[in-house]
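Positions are given from 1, in the same order as the sequence printed here. Just so you know, these numbers use all the heavy atoms, side chains as well, and skip hydrogens, waters and symmetry mates.
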Amino acid sequence: MLRWYDENKRPLPWRETRDPYAIWVSEIMAQQTRVETVSRYWPRFLERFPTVADLAGAEEDEVLSLWSGLGYYRRARLLHKGAKEVQAQYGGEVPADAAQRLALPGIGRYTAGAIGSISFEQPEAVVDGNVARVFSRLFLIETPLGASVTEKRLWQEAEALVLGERPGDWNQSIMELGALICTPKSPKCGECPVQNLCAAKGDGSVDRLPVPKAKKPPKQVFLSVVVAHPKGQPDQVFLQKDNGARFGGKNLFGGLWGLPTMEVEAFDPPQQDLLSTSALPKREDAQAVLRAAGLSGRLEKDCRARIKHVLSHRRLEIAVWRATGVTPKAPLPEGQAFVDAEGQAKLGIATLTKKVLAAIG
Ligand code: SF4
């Protein structure tokens, strides 16, 4: 691996230095950011703030302006805070002691290990996305990424392997292998220096590994929605820009027009109707939806339709009600209107609203 690294590593600017502060900056910048982008920002940042003392003494606005374009500004704020702490506690010298480094703001296990191994040549392990992918394949780790059993195993392997010579280059060689050869899609196993040791290649499971992070099941949410027609105008429906479908304080369909909606208590899914009448959608809920929208009118006795709608994190069960002869209790403010089909085509309307309107005809 070390030989392969020496011959194949990309000539990145921070590979020219062992200065722990400079390495620290490069590692923070490289989180969630492409190496090519970091290559442009890192020299500029180091030119303006060549030492911990320079960064520690800077105004936050200037630090953020040099970070501008890299995104994830929290990283820059934590780096700045970390520099101040290193200045205050260690006289501007990044500590060689791993535990002291780990205690600094914005420095997690990975960053601490990268600085320790690259700058101080200490046998400190790193596990990032590249290492996780290479090791999952090399050692046939079949548990999902992110699971504690997987994380534990990855760190164990990394800690055992970093004990040899040139720990900084060793760590970087695995990351570089992940970036150049053992890529997420179509890895170049034929060019891989460890192909003869690779368990996944041996049993043909390279494409299956690593096992992706288990996704959280979507949350089940129950909604009551009212399609409200104004008096004498059955072709028009009431729409509003903030339709009340709020979860966690955020409008579910931010900025789009929708039917008045409210989250309600659970009711049985449609297929259970015949078995149970105890948890049917409640008419009072729909009345509350009408009231909340500032409307009054005749709500039909039964719920008109029951539909399902799946979003990335939520599975919605929706009870759709119809109200006729609807009048607003006060003149409609901006962002609320009775709209016919032609008008609807001109508005930005949430997909769910279109689905509801299509369902009840
Ligand atoms: Fe990755 Fe293929 Fe090398 Fe195995 S042989 S480590 S899967 S590139």
Side-chain angles (χ1 to χ4, degrees), residues 12-35 37-39 41-46 48-60 62-64 66-67 70-132 135 145-146 148 151-152 154-159 161-163 167-172 174-176 178-179:
L12 303 171
W14 50 92
R15 289 193 170 146
E16 306 292 315
T17 179
R18 301 250 153 175
D19 172 9
Y21 162 67
I23 298 294
W24 178 13
V25 174
S26 74
E27 291 295 344
I28 300 294
M29 281 189 174
Q31 290 165 12
Q32 285 134 340
T33 305
R34 292 160 54 85
V35 161
T37 312
V38 179
S39 299
Y41 279 79
W42 181 81
R44 257 182 24 205
F45 196 89
L46 267 286
R48 171 61 191 88
F49 308 120
T51 65
V52 169
D54 297 313
L55 180 57
E59 291 295 327
E60 184 171 282
E62 195 185 357
V63 178
L64 294 181
L66 271 173
W67 204 270
L70 275 171
Y72 303 101
Y73 293 94
R74 187 165 176 270
R75 296 181 297 173
R77 289 198 186 92
L78 286 173
L79 176 64
H80 190 206
K81 202 169 162 205
K84 285 183 181 166
E85 205 161 311
V86 170
Q87 186 63 28
Q89 282 196 37
Y90 307 110
E93 300 287 333
V94 177
D97 180 82
Q100 289 178 339
R101 233 180 297 124
L102 204 49
L104 292 168
I107 296 197
R109 202 170 171 189
Y110 165 82
T111 310
I115 300 170
S117 61
I118 298 169
S119 298
F120 299 110
E121 279 293 343
Q122 290 171 172
E124 296 181 39
V126 296
V127 174
D128 71 346
N130 281 323
V131 175
F135 283 5
L145 292 176
S148 58
E151 293 302 301
K152 201 169 159 205
L154 290 169
W155 280 96
Q156 271 171 358
E157 299 290 358
E159 276 162 2
L161 287 167
V162 77
L163 295 175
D169 286 346
W170 162 261
N171 281 338
Q172 292 188 87
I174 299 292
M175 293 191 273
E176 199 73 342

Notebook entry, point to check: What do the steps show when you test Asn171 against Ile118 for side chain to side chain contact (heavy atoms under 4.5 Å, CB included), and what is the final call?
Noted result: CA-CA 8 Å; Asn171 281 338; Ile118 298 169; 5.8 Å; no
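- Considering every non-hydrogen atom in both Met175 and Val131, the closest pair reads CG-CG2, 3.6 Å.
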Next item on the list: I would like to know whether Thr37 and Met29 meet side chain to side chain contact (heavy atoms under 4.5 Å, CB included); could you show each step before the answer?
Entry: CA-CA 9 Å; Thr37 312; Met29 281 189 174; over 6 Å; no
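- Across Val52 and Ala83, no two heavy atoms sit closer than the pair CG1-O, 3.4 Å.
- Trp155 and Ala125 make their closest contact through CZ3-O, 3.5 Å (heavy atoms, listed as atom of the first residue, atom of the second, distance).
- Using a 4.5 Å heavy-atom threshold, the side chains of Pro167 and Glu121 count as touching.
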Check: Where do Val127 and Tyr110 land on the side chain to side chain contact (heavy atoms under 4.5 Å, CB included) test, with the steps shown first?
Finding: CA-CA 6 Å; Val127 174; Tyr110 165 82; 6.0 Å; no
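- Considering only residues two or more places apart in sequence or on other chains, Asn130 meets the side chain to side chain donor-acceptor pair (under 3.5 Å) condition with Arg133.
- Thr51 is linked by a side chain to side chain contact (heavy atoms under 4.5 Å, CB included) to Ala53, Asp54, counting only residues two or more places apart in sequence or in another chain.
- Taking OG1 from Thr111 and CG from Leu104, the interatomic distance works out to 11.0 Å, rounded to the nearest 0.5 Å.
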Sequence neighbours excluded and cut-off under 3.5 Å, please list the side-chain donor-acceptor pairs for residues 89-98, or say none.
unit_1: Gln89; atom_1: NE2; unit_2: Glu85; atom_2: OE2; d: 3.3
unit_1: Asp97; atom_1: OD2; unit_2: Ala99; atom_2: N; d: 3.2
unit_1: Asp97; atom_1: OD2; unit_2: Gln100; atom_2: N; d: 2.9

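- Contact detail for Val126 and Gly113: the closest heavy-atom pair is CG1-C, 3.6 Å.
- Residues forming a side chain to side chain donor-acceptor pair (under 3.5 Å) with Ser26 (at least two apart in sequence, or on another chain): none.
- Residues satisfying the ring-ring contact (aromatic ring centres under 6.0 Å, His included) test with Tyr21, not counting sequence neighbours, are none.
- Every side chain to side chain contact (heavy atoms under 4.5 Å, CB included) that Ala112 has, sequence neighbours left out, goes to Arg101, Leu102, Ile107.
- With hydrogens and angles disregarded, a donor-acceptor distance shorter than 3.5 Å links the side chain of His80 to the backbone of Ala58.
- Closest non-hydrogen pair, Leu55 versus Phe45, comes out as CD1-CZ, 3.8 Å.
- For Glu151, there are no salt bridge (charged side-chain N to carboxylate O under 4.0 Å, His left out) partners, not counting sequence neighbours.
- Evaluation of the side chain to side chain donor-acceptor pair (under 3.5 Å) rule for Asp169 yields Arg166 as partners, not counting sequence neighbours.
- To the nearest 0.5 angstrom, Asp128 atom CG is 8.5 Å from Glu27 atom CD.
- Counting heavy atoms from C-beta outward, Phe120 and Pro20 have side chains that approach closer than 4.5 Å.
- Between Gly82 and Trp24, the shortest heavy-atom contact is C-CH2, 3.4 Å.
- At a threshold of 4.5 Å between non-hydrogen side-chain atoms, the residues Ile23 and Arg18 do not count as touching.
- A donor-acceptor distance shorter than 3.5 angstrom exists from the side chain of Arg75 to the backbone of Ile28, with no hydrogens or angles considered.
- In this structure, the side chain to side chain contact (heavy atoms under 4.5 Å, CB included) partners of Arg44, at least two apart in sequence or on a different chain, are Tyr41, Leu66.
- Within the 3.5 Å criterion, the main-chain N or O of Pro43 finds no donor-acceptor partner in the side chain of Trp14.
- Taking the side chain to side chain contact (heavy atoms under 4.5 Å, CB included) definition, one finds that Tyr73 meets it with Leu64, Trp67, Ser68, Arg77, sequence neighbours left out.
- Side chains of Leu12 and Trp42 form no contact here, defined as non-hydrogen atoms less than 4.5 Å apart.
- Shown here are the salt bridge (charged side-chain N to carboxylate O under 4.0 Å, His left out) partners of Glu176, two or more places apart in sequence or in another chain: Arg10, Arg15.
- Partners of Glu62 according to the side chain to side chain donor-acceptor pair (under 3.5 Å) rule, which considers only residues two or more places apart in sequence or in another chain, are Arg48.
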